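Right, one structure below, let's go through it.
By convention in this document, chain letters (A, B, ...) are assigned in the order of the sequence lines, proteins followed by strands, and residues within each chain are numbered from 1. Owing to the predicted nature of the structure, the values given are computational and were not obtained by experimental measurement. The figures here come from the full heavy-atom set of this structure, side chains too, leaving out hydrogens, waters and symmetry mates.
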Amino acid sequence: MSNYPTPDKATLLEIYRKAATIKLNDERIIKEMKSGRLVTPYYSGRGQEIIPSALAMSLNDDDYLCTIYRGTHDMVAKGFPLDTMWAELAGRVTGSCKGKGGPMHLTHPESGCMVTTGIVGSSMPIAVGLGWAAKLDGKGQVAVATFGDGASNIGAFHESMNMAALFDLPVIFLCQNNLYAEHTSMQKSTKIDRYSKRADAYGMVGVTVNGNDPDEMYGAAKVAIDRARAGEGPTMIEAMTFRFNGHLIGDMCDYMKHGELAEAKQEDPVPALRQRLIDEGIASEDELAGMESGIKEVIEAAVAAAYDADYPDAIELKRDVFAQEIA
Amino acid sequence: MSNYPTPDKATLLEIYRKAATIKLNDERIIKEMKSGRLVTPYYSGRGQEIIPSALAMSLNDDDYLCTIYRGTHDMVAKGFPLDTMWAELAGRVTGSCKGKGGPMHLTHPESGCMVTTGIVGSSMPIAVGLGWAAKLDGKGQVAVATFGDGASNIGAFHESMNMAALFDLPVIFLCQNNLYAEHTSMQKSTKIDRYSKRADAYGMVGVTVNGNDPDEMYGAAKVAIDRARAGEGPTMIEAMTFRFNGHLIGDMCDYMKHGELAEAKQEDPVPALRQRLIDEGIASEDELAGMESGIKEVIEAAVAAAYDADYPDAIELKRDVFAQEIA
Amino acid sequence: MTETTKITMLEAINRALHDAMEADPKVLALGEEVADPEEGGVMGVTKGLSTKFGAERVVSTPISEQAIIGSAIGAAIGGYRPVAEIMLMNFVAVAMDMLTNHAAKLRFMSGGQTAVPMVVRTMTGSGFSTGGQHSDYLEAWFAHTPGMKVVAPSNPTDAYGLLRAAIEDDDPVLFIENIQLYFMPADFTAEKIPLGKARIAREGSDLTIITHSLMVNHAMAVADQMAKDGTEAEVIDLRTISPWDRETVLASVKKTGRALIVHEAVKEFGIGAEIASVINEELFGQLKAPVKRVGGAFCAVPYCKPLESAFAPSADSIGKAALELVA
Amino acid sequence: MTETTKITMLEAINRALHDAMEADPKVLALGEEVADPEEGGVMGVTKGLSTKFGAERVVSTPISEQAIIGSAIGAAIGGYRPVAEIMLMNFVAVAMDMLTNHAAKLRFMSGGQTAVPMVVRTMTGSGFSTGGQHSDYLEAWFAHTPGMKVVAPSNPTDAYGLLRAAIEDDDPVLFIENIQLYFMPADFTAEKIPLGKARIAREGSDLTIITHSLMVNHAMAVADQMAKDGTEAEVIDLRTISPWDRETVLASVKKTGRALIVHEAVKEFGIGAEIASVINEELFGQLKAPVKRVGGAFCAVPYCKPLESAFAPSADSIGKAALELVA
Ligand SMILES: Cc1ncc(C[n+]2csc(CCOP(=O)(O)OP(=O)(O)O)c2C)c(N)n1
Ligand SMILES: Cc1ncc(C[n+]2csc(CCOP(=O)(O)OP(=O)(O)O)c2C)c(N)n1
Ligand SMILES: [Mg+2]
Ligand SMILES: [Mg+2]
């Protein structure tokens with residue numbers, strides 16, 4: 001990993017901007033849920049912010065993302081606008097999916113957020129197809145499939161990895177290994193200690209990195225994305241991380257080893273990067289505070305606008321089933 | 001592989017007896033089909049005889065087998081009686097499945113032939129369950145799943161291998177790699193050169209052997225089965241072989257490399273073993289000829305009895321749907 | 001053993017599992033998170049089982065639905081009575097091959113030599129804003145699959161009694177649990193209830209409402225409301241969807257002359273169509289009004305509350321249809 | 001471009017694929033063996049495509065049905081019009097999640113932002129002794145899935161015209177091909193045929209037979225036979241099963257007063273139930289006899305010829321039902 005490219009100062013700052021946005025947005029969603037105003041099956045990506053933020057540094061708007069229920073962090077990093085995201089969470093007609101999809105199906109093609117799925121593993125086969133489309137288009141786009149450690153044990157993983165490798169498709173398989181699948185630990189899910197080993201089984205390049213470390217994550221992602229753009233095929237990246245809010249909001253995490261969660265939170269990657277920016281003189285405390293209050297303003301505007309908007313009308317049940325509205 | 005146990009003379013002779021039975025039986029089925037008397041979707045295992053024959057040397061009747069449409073060779077080796085097999089092929093009520101299953105679903109629990117499936121890959125998850133049952137029973141039984149090279153790319157493979165490894169189940173995953181899946185070569189199915197590499201992805205032991213070599217196949221199978229019986233978990237064996245009659249009877253094998261089939265047939269493993277038995281003084285030409293005519297007699301009796309029997313009555317459509325006959 | 005007290009369906013199912021595992025050492029449980037270290041299921045339905053019956057009989061699995069169902073099939077063929085959990089009904093799609101091509105057919109295809117006495121428990125239902133991939137009722141797929149029984153209880157007593165019967169049944173049973181019902185306490189009697197027998201939840205002479213699962217509650221509310229205006233609706237809780245209780249339904253509709261079928265699943269090509277067709281065929285010329293059906297809208301289950309409510313049948317929409325029927 | 005000549009359905013479908021790929025460079029084809037080095041599909045339906053349009057647009061895949069359908073979905077979202085082949089209809093079970101949770105729902109769940117203009121071609125049908133896992137008609141599963149269109153042609157002209165329309169359609173279409181029909185030559189006209197419109201295959205005034213696929217042939221034979229005795233059956237070939245042509249069906253039954261619905265799929269909970277229910281509801285009091293249905297027996301498709309023949313509707317069983325209807 002020593003030969004990985006490293007992010008420059010501007011890039012680190014940009015990673016932080018994204019990670020801070022994800023974190024603040026996540027906290028705002030949870031606040032809204034705890035207040036009872038927002039009732040939604042929300043899967044927090046808190047703790048995993050660095051992964052998609054560092055990844056996004058090497059992605060363009062027209063690169064494709066297929067993510068999962070635990071995916072708002074991926075989407076925010078990819079550029080999903082917060083206003084239509086909030087409106088969708090609030091189920092309003094102004095939401096990106098007109099209130100029909102919700103958090104598990106957030107979609108925003110303009111920012112490349114093509115598919116969000118609630119079915120474990122199912123982001124991968126679809127990303128293979130987007131990779132095929134990208135290859136046919138010949139414009140150097142890539143497709144990213146994000147998924148969890150648990151998803152690495154489902155059949156769709158296997159078929160997708162093999163097919164993408166076979167056809168040298170520009171797909172990044174990004175396993176965000178937060179060590180748990182719902183309440184099941186990685187140790188109870190497989191005998192192996194690194195899911196990236198599985199890349200070998202398909203003749204694919206596979207690496208495991210500390211997803212919470214912006215240098216490593218940026219480097220691994222950049223190398224993989226560059227390879228994919230150059231037509232050199234897919235890569236599997238296993239990014240080690242932790243989910244700070246358990247599986248669903250309200251999860252007490254009693255199934256974890258004692259102290260495991262607290263320990264992980266000690267290493268919260270977002271404040272860590274913030275401190276580093278200051279320590280390395282990349283940004284001052286004031287500059288960062290300014291950035292953060294700017295982000296908060298955007299979020300607050302999105303929240304307010306979301307609740308202001310209307311719910312969709314019942315006629316929407318007949319729309320978007322097919323291209324033509326049904327009778 | 002040098003530390004594999006080798007078959008003694010009696011075992012080699014027994015392997016030959018099974019392999020010769022498979023070969024003669026297969027030839028008889030094809031003769032019957034070519035005559036037009038037997039119309040059936042039969043997938044010949046010709047060329048692959050040594051694999052299940054050598055495997056069977058370490059199996060007992062109460063060990064479980066889940067095999068596939070290309071599976072009569074596996075079943076004959078496991079002890080499936082030829083008379084009920086032929087009656088089933090002929091669709092008669094005396095068939096093992098009363099004429100309801102046919103070649104793709106041949107079943108005979110007394111000999112451990114528990115499931116034959118026509119769905120690629122689906123022998124594996126069920127074998128995992130039989131392995132679980134065996135483990136719970138605690139009598140040292142093992143479950144064998146046979147499948148092809150092509151099947152190694154389907155999702156069920158992945159889930160089954162991981163689960164069996166995780167739970168240390170007594171399952172043998174026997175991939176009979178005949179280099180083709182229907183008309184698709186291994187090179188067009190995956191980037192890797194050995195499917196047994198995939199065992200690593202699950203923390204499972206995996207080996208590739210020449211399945212046509214009785215020594216290697218016997219040794220690998222015995223080691224795997226002994227490990228399984230001892231509670232040491234599953235093994236994947238990739239047995240290299242070739243199918244001499246293509247995918248289905250009538251297949252012209254035009255999709256193969258020129259000369260590939262002829263070359264493989266040069267190495268026909270059954271006459272090769274026969275010759276070895278003579279060369280090594282394990283059996284004389286006369287003894288083998290006697291054995292073979294004995295086998296032929298059994299087959300002819302099975303064929304004759306099959307056609308003599310009745311077809312099932314239409315009432316059978318209402319039986320075996322549920323335990324209780326439906327109204 | 002008969003006793004009456006108020007418990008929830010969640011408790012009733014948990015108790016049925018405990019009692020079944022106690023009564024028969026061959027009963028097993030498997031699925032994601034079902035064991036106690038993983039908190040006994042996302043909803044806690046299987047709580048206590050692994051502590052009481054051990055980790056060999058109660059197994060938390062990786063996220064591998066094909067291998068979960070395959071394991072259940074194999075264990076069933078191997079002499080056990082596994083109760084597999086598919087966390088949410090939409091995920092049966094991942095295991096559809098195992099369920100429909102294997103579990104449902106092995107008895108028939110083997111000519112009755114093998115049997116698959118397993119239960120697949122799954123939960124579903126709209127009402128929690130879980131959207132298009134976590135809310136579907138898919139019972140119609142399985143009712144159309146010969147060899148598979150389909151059960152859907154509407155209250156704790158039925159849930160207990162039907163689950164006990166399903167576990168003792170010698171054929172595969174899909175057991176559908178409604179998530180809203182989990183939390184509703186009701187009178188409880190712990191007795192086995194035979195599969196295939198409907199329950200007359202309320203007697204009436206003016207029309208028959210035929211339904212199952214959560215919709216029974218709505219139908220009862222409608223019936224109570226109608227009674228105020230002197231119209232007496234008979235409410236039939238199917239309990240078993242396949243094979244369904246034609247006698248009870250036909251006798252009732254023969255008496256009332258009017259039938260309304262209600263299910264939460266999409267109306268078109270849903271199970272109501274079969275029931276309506278049989279009623280029309282058997283009682284041709286004896287009906288006072290056309291058989292009506294109320295079902296889910298023809299679309300994916302939408303996310304936002306107003307659309308989600310508009311999607312599913314409600315006391316309002318059922319009441320409206322019932323009134324039209326008696327008008 | 002209109003011309004008439006006699007060709008088989010296999011040729012017609014091959015031609016539709018050629019013409020569609022020629023007309024629109026976005027049309028792709030993928031599936032097991034579909035390219036020419038693998039002989040253009042097991043039946044040769046896709047022959048010539050890869051030679052003409054290149055290996056980038058026509059791709060033979062590994063045996064990975066989830067990844068095949070996933071790839072098609074991804075490519076469709078990415079702007080292409082893939083035609084995926086699932087070799088036999090029973091194998092859709094393996095890809096059921098991709099088809100029903102994703103292909104069918106992504107448009108709705110994304111609020112119309114993404115579309116999945118893909119066609120899934122698959123073949124099926126009893127009559128070749130292929131038994132329980134290779135013969136099923138499963139159209140009812142998909143008709144019950146909002147967002148998915150279902151088409152099943154009965155002759156070369158319809159096959160061509162409907163397939164062209166399906167490929168141009170902006171929604172996912174499941175296209176069901178009957179294997180027996182592949183080989184029957186018939187008059188041919190190369191014109192697109194709109195989805196959703198039934199075809200009156202034969203006019204008549206005494207009863208209406210509503211059917212699709214191979215069963216149209218049987219229905220026509222029955223109608224011809226009945227005509228000899230002066231009874232005129234109208235035969236409606238549905239062509240599109242979902243959304244089905246209510247207007248044409250209802251107008252016909254209104255005219256004849258009698259309806260018989262025929263499909264090879266298992267009768268119970270099959271698509272005939274929906275059609276019968278709607279006829280009964282819409283034409284209540286106007287029918288001269290109860291709507292009848294003829295379908296496959298309630299069991300897996302059996303292997304041996306006598307049972308296989310007894311399983312499926314035949315001219316005999318359809319004729320018998322038709323006579324009862326007009327009696
Ligand atoms: C096919 C399928 N099975 C089960 C589930 C239920 N489920 C939702 S999330 C989850 C855990 C997934 O764990 P992982 O892949 O590690 O992702 P994480 O949630 O940790 O980000 C499970 C089992 C599902 N959504 N889909
Ligand atoms: C799920 C599924 N997909 C496709 C098929 C069609 N099919 C039958 S055999 C076969 C090839 C299998 O090849 P392999 O696993 O190598 O076994 P072999 O036939 O060579 O013994 C295919 C694609 C099937 N039966 N099941
Ligand atoms: Mg995880
Ligand atoms: Mg092969």
Side-chain angles (χ1 to χ4, degrees), chain B residues 38-42 69 88-93 95 97-106 116-122 148-157 180-186 188-190 247-248 251-252 254-255 310-322 326, chain D residues 31-44 55 59-70 86-88 90-98 127-136 179 266 268 296-312 317:
Chain B
L38 185 66
V39 179
T40 190
Y42 178 67
Y69 53 92
E88 187 60 29
L89 291 178
R92 300 312 207 267
V93 70
C97 308
K98 300 190 209 159
K100 293 174 168 183
M104 281 200 269
H105 307 300
L106 283 161
T116 299
T117 180
I119 308 290
V120 165
S122 294
D149 44 295
S152 306
N153 299 306
I154 203 162
F157 168 98
Y180 285 90
E182 294 213 348
H183 304 168
T184 306
S185 67
M186 178 169 173
K188 295 246 191 138
S189 299
T190 189
H247 179 58
L248 265 169
D251 182 346
M252 304 302 293
D254 289 338
Y255 49 86
D310 289 332
Y311 283 111
D313 189 86
I315 185 70
E316 285 297 335
L317 294 180
K318 296 180 182 292
R319 293 189 180 141
D320 306 321
V321 176
F322 294 123
I326 57 181
Chain D
E32 292 152 19
E33 338 257 282
V34 299
D36 287 329
E38 290 75 42
E39 308 199 337
V42 263
M43 293 293 179
V59 181
S60 286
T61 67
I63 309 174
S64 304
E65 277 79 6
Q66 294 189 69
I68 292 170
I69 300 300
I86 295 291
M87 198 181 281
L88 285 172
N90 280 85
F91 315 155
V92 298
V94 184
M96 200 68 184
D97 167 60
M98 281 291 134
F128 298 91
S129 295
T130 48
Q133 294 179 333
H134 281 60
S135 315
D136 280 334
I179 303 175
V266 165
E268 285 79 4
F298 193 73
C299 61
V301 180
Y303 165 65
C304 70
K305 262 283 154 240
L307 288 186
E308 192 190 28
S309 303
F311 165 86
S317 62

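Contacts with chain D were tallied for B:Glu316, B:His105, B:Lys318, B:His183; B:His183 has the most, counting heavy-atom pairs under 4.5 Å. Top candidate by heavy-atom pairs under 4.5 Å with chain D, chosen from B:Leu248, B:Asp254, B:Asp313, is B:Asp254. Among B:Gly95, B:Ala151, B:Gly101, the residue with the largest count of heavy-atom pairs under 4.5 Å with chain D is B:Gly101. For chain B, the option among D:Ala35, D:Pro62, D:Ala93 with the highest count of heavy-atom pairs below 4.5 Å is D:Pro62.
Across D:Glu38, D:Glu39, D:Met87, D:Glu32, a single residue satisfies side-chain contact (heavy atoms from CB on, under 4.5 Å) together with B:Glu182, and that is D:Met87. Tested against D:Cys299, the residues B:Asp320, B:Leu317, B:Ile326 include a single side-chain contact (heavy atoms from CB on, under 4.5 Å) partner, B:Leu317.
For D:Pro306, the part lying near chain B is the side chain, with the backbone staying farther off; criterion is any non-hydrogen pair under 4.5 Å. Contacts between B:Phe322 and chain D at a heavy-atom distance below 4.5 Å involve the side chain alone, from C-beta outward. B:Ser122 does not touch chain D: none of its heavy atoms, backbone or side chain, sits under 4.5 Å away. In this structure, chain B has heavy atoms under 4.5 Å from both the backbone and the side chain of D:Phe298. Residue contact with chain B, scored on non-hydrogen atoms closer than 4.5 Å, involves the side chain of D:Ala297 exclusively.
Side chain to side chain, B:Thr184 and D:Glu33 meet the donor-acceptor criterion of an N or O pair below 3.5 Å.
Nearest heavy atom pair, residue D:Tyr303 against residue B:Thr40, reads OH-OG1, 2.7 Å.
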Practice problem: Check the pair B:Met104, D:Gln133 against side chain to side chain contact (heavy atoms under 4.5 Å, CB included), reporting the backbone distance first and the verdict last. | Solution: CA-CA 9 Å; B:Met104 281 200 269; D:Gln133 294 179 333; 5.9 Å; no

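Atom CD1 of residue D:Ile63 and atom CD1 of residue B:Ile119 lie 11.5 Å apart, to the nearest 0.5 angstrom.
Between the side chain of B:Tyr255 and the main chain of D:Asp36, no donor-acceptor pair closer than 3.5 Å is present.
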